Protein chains: 2
Amino acid sequence: MEGEEPGDPGSRPVALARLGERGLIERVRRRLGPPPADVLVGIGDDAAAVAWPGGTLLLSTDTLVEDVHFRRTTTTLHELGAKALAVNLSDIAAMGGEPRFALLALALPSTLAVADVDELYGGLLEMAGRHGVALIGGDTSAVPERMVLTLTVVGRVEGTPVRRRGARPGDAVLVTGSLGTAAAGLAVLERGSFEAADDVTAPLVAAHRGPTPRVAEGRVSRLAGATAMIDLSDGLATDLGHIAEESGVGAVVRLSALPIAPATRRAAALLGQAPWAWAVSGGEDYELLLTARPDRAAGLAARVTTETGTPMTVIGEIRPATEGIQFVDDAGRPVRVGPGFEHFRSP
Amino acid sequence: MEGEEPGDPGSRPVALARLGERGLIERVRRRLGPPPADVLVGIGDDAAAVAWPGGTLLLSTDTLVEDVHFRRTTTTLHELGAKALAVNLSDIAAMGGEPRFALLALALPSTLAVADVDELYGGLLEMAGRHGVALIGGDTSAVPERMVLTLTVVGRVEGTPVRRRGARPGDAVLVTGSLGTAAAGLAVLERGSFEAADDVTAPLVAAHRGPTPRVAEGRVSRLAGATAMIDLSDGLATDLGHIAEESGVGAVVRLSALPIAPATRRAAALLGQAPWAWAVSGGEDYELLLTARPDRAAGLAARVTTETGTPMTVIGEIRPATEGIQFVDDAGRPVRVGPGFEHFRSP
């Protein structure tokens with residue numbers, strides 16, 4: 001069966017698990033063919049972009065499934081509501097856009113308490129208010145087992161949205177904030193009785209539960225000349241892979257350059273983990289990963305930090321596609337890293 | 001516990017089942033308060049409408065849950081894909097808008113065959129092509145038990161969208177096409193071994209499986225002066241109730257005036273049902289229900305039929321709110337009818 005095209009006619013049914021999420025997206029994209037002229041960015045980027053009179057429209061949709069994307073034992077519904085919106089705001093941010101409106105489609109067990117639903121909306125509306133986003137519609141339906149939330153966010157961008165494609169060999173690779181924080185928070189939560197001072201665990205757990213979409217940072221990065229951009233939802237290794245694939249390039253990342261918060265390093269030491277492993281393979285940091293021409297990278301980073309207060313770090317460089325993606329130690333030796341999260345794939 | 005406000009602090013947790021879908025929407029709407037100025041239509045209508053340079057933007061989102069909204073034993077995945085899009089196109093149609101773009105968020109069991117997913121996209125893309133809609137993005141994730149599909153459609157309308165509010169006493173009440181067809185089709189399918197000629201059952205089953213969104217009819221109705229409009233997803237009784245509530249009016253509907261297809265009448269006779277019961281309480285016809293000033297109703301109906309080929313029928317009249325909603329027989333006597341479908345409510 002090796003090498004067979006999944007879904008070939010005549011073969012036994014092939015399950016989605018073999019195709020994987022990227023495989024499925026690629027399959028749909030091939031099937032759709034070239035998009036209509038007014039579709040500037042179609043399937044396969046952070047958000048879709050369509051030409052609309054008076055400014056390009058950005059559209060992003062994301063589903064959160066209970067016990068797949070979140071667990072009610074480790075997340076309050078207030079946090080969940082905020083996070084469901086935040087991950088979509090992050091997608092709009094990754095195109096350099098400004099989020100404006102949100103729609104929420106909720107499938108809920110009818111045994112859920114009304115107070116729980118209120119809590120969910122409370123978190124969502126708090127996050128919406130923080131970014132000037134209005135909740136304008138949605139849909140509610142009953143589902144037996146588990147909550148399924150789908151948020152759709154509409155944004156706009158004046159000018160050209162920043163895409164995953166656009167990185168060129170020689171470009172600097174940059175990230176906002178710090179990496180591996182959410183993965184460290186998840187590890188702390190999963191450890192349960194993990195004993196460490198609150199000042200170590202609290203910010204990690206908060207980062208896991210309540211990601212901050214980098215909306216202003218994305219907007220400033222676009223204006224300052226970012227050539228490609230993506231938000232870090234599946235982890236640096238996977239998401240840098242998306243930029244590389246879409247741009248037709250490779251990349252080298254220096255592990256020692258990765259911005260890792262002191263609390264993450266301390267939790268890693270206590271748990272006997274390598275902090276860079278969280279930074280490279282851990283998902284859900286929702287920081288922005290972007291590229292810039294080498295002569296503009298320092299200026300871009302300085303401008304983002306000045307205007308938003310968020311630090312930016314150069315972590316590597318774009319290389320030709322033939323070099324693939326390499327994570328290297330201080331001596332320049334390649335280090336083998338695990339992949340990030342991909343849906344459908346069996347572990 | 002009677003008369004207690006659901007979710008009051010201090011009371012025992014109140015389940016969603018007691019609040020119902022409408023109650024939940026009302027609760028969210030109260031919580032949101034008045035929408036920002038650029039939100040022309042917020043939560044609680046068929047679609048949201050926001051002011052956007054170059055034409056009002058319409059946004060609709062709907063979730064379909066396996067074994068709640070559809071069963072794989074009675075629907076092919078091709079039909080499901082088409083229907084998932086059709087119900088959203090119908091929401092845009094109910095505002096008099098033109099659908100343009102769609103996003104699909106799919107939560108799928110990873111055991112699903114790739115060929116099944118292809119079939120789903122096949123149906124969706126066929127429906128999209130028929131209405132000039134481009135699929136521009138989405139999201140895929142794994143879910144253990146059952147498929148959950150959320151479609152979001154973006155449309156536009158030049159001028160003012162038609163809302164649920166806007167009906168005034170004296171207005172005529174009209175519908176497109178015929179009513180009860182989808183409910184008859186469902187009854188035929190559920191009967192299984194039901195014996196009737198294919199020319200009776202085939203069009204009914206087709207209507208249940210593959211609703212036709214009345215996009216052109218909605219557009220023409222808006223241009224011809226519809227004062228309020230909704231699509232019939234939950235059944236005439238429930239959806240007329242939405243127009244009445246939002247417009248602050250009542251209505252009278254003559255059962256003998258309801259347009260019911262000959263095949264529906266024959267299936268009703270064979271199954272010992274009253275055909276008007278399907279027409280009044282059966283959901284998923286996805287016809288348009290609208291109101292018009294009495295002196296414009298005939299002209300509107302004629303124009304829709306001329307431009308689209310779809311028949312339109314006057315079925316009743318808007319009355320003051322104090323009269324409530326009445327379904328009457330030929331002698332003008334009120335007939336008690338069952339309610340349509342509502343989510344979360346126990347039967």
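Remember, it's a predicted structure, so these values are computed and weren't measured experimentally. Here is the naming used below: chain letters follow the sequence lines, and residue numbers restart at 1 for every chain.
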S.K.: Where on B:Thr61 is there a heavy atom nearer than 4.5 Å to chain A: the side chain, the backbone, both, or neither?
M.R.: both
S.K.: Kindly check if the number of other-residue, nucleotide or ligand heavy atoms within 6.0 Å of CD (A:Glu158) is above 12?
M.R.: no
S.K.: Show, in sequence, the C-alpha distance, side-chain angles and deciding distance for A:Glu245 and A:Arg165, and conclude whether the salt bridge (charged side-chain N to carboxylate O under 4.0 Å, His left out) test is met.
M.R.: CA-CA 8 Å; A:Glu245 197 183 326; A:Arg165 69 180 64 165; over 6 Å; no
S.K.: If you count heavy-atom pairs under 4.5 Å between each of B:Leu59, B:Asp67, B:Leu64 and chain A, which one has the most?
M.R.: B:Leu59
S.K.: Could A:Arg156 and A:Trp52 be counted as a cation-pi pair, given that NZ or CZ must be under 6.0 Å from the ring centre and within 45° of the axis?
M.R.: no
S.K.: What part of B:Thr63 gets closer than 4.5 Å to chain A, counting heavy atoms only: side chain, backbone, both or neither?
M.R.: both
S.K.: Over all heavy atoms of both residues, which pair between B:Ala86 and B:Met127 is shortest? Give the atoms and the distance, please.
M.R.: CB-CE, 3.9 Å
S.K.: Does any heavy atom of chain B fall under 4.5 Å from the side chain of A:Arg100, the backbone, both, or neither of them?
M.R.: side chain
S.K.: Relative to chain A, which of B:Leu32, B:Val65, B:Val154, B:Val50 shows the most heavy atom pairs under 4.5 Å?
M.R.: B:Val50
S.K.: Which atoms of B:Arg29 come close to chain A, meaning under 4.5 Å heavy atom to heavy atom: side chain ones, backbone ones, both, or neither?
M.R.: neither
S.K.: Out of the candidates B:Asp139, B:Leu85, B:Leu135, only one should pair with B:Leu104 under the side chain to side chain contact (heavy atoms under 4.5 Å, CB included) rule; please name it.
M.R.: B:Leu135
S.K.: How many angstroms lie between CG in B:Asn88 and OG in B:Ser60, if you round to the nearest 0.5 Å?
M.R.: 4.0 Å
S.K.: In terms of heavy-atom pairs under 4.5 Å, which option from A:Val39, A:Val41, A:Asp116 contacts chain B the most?
M.R.: A:Val39
S.K.: Just do the salt bridge (charged side-chain N to carboxylate O under 4.0 Å, His left out) check on A:Lys83 and A:Glu284 with the steps written out, would you?
M.R.: CA-CA 10 Å; A:Lys83 186 169 178 173; A:Glu284 306 210 288; 3.2 Å; yes
S.K.: A:Val117, A:Leu112, A:Val148: which one forms the most heavy-atom pairs within less than 4.5 Å of chain B?
M.R.: A:Leu112
S.K.: Side chain, backbone, both or neither: which part of B:Pro36 has a heavy atom under 4.5 Å from chain A?
M.R.: side chain
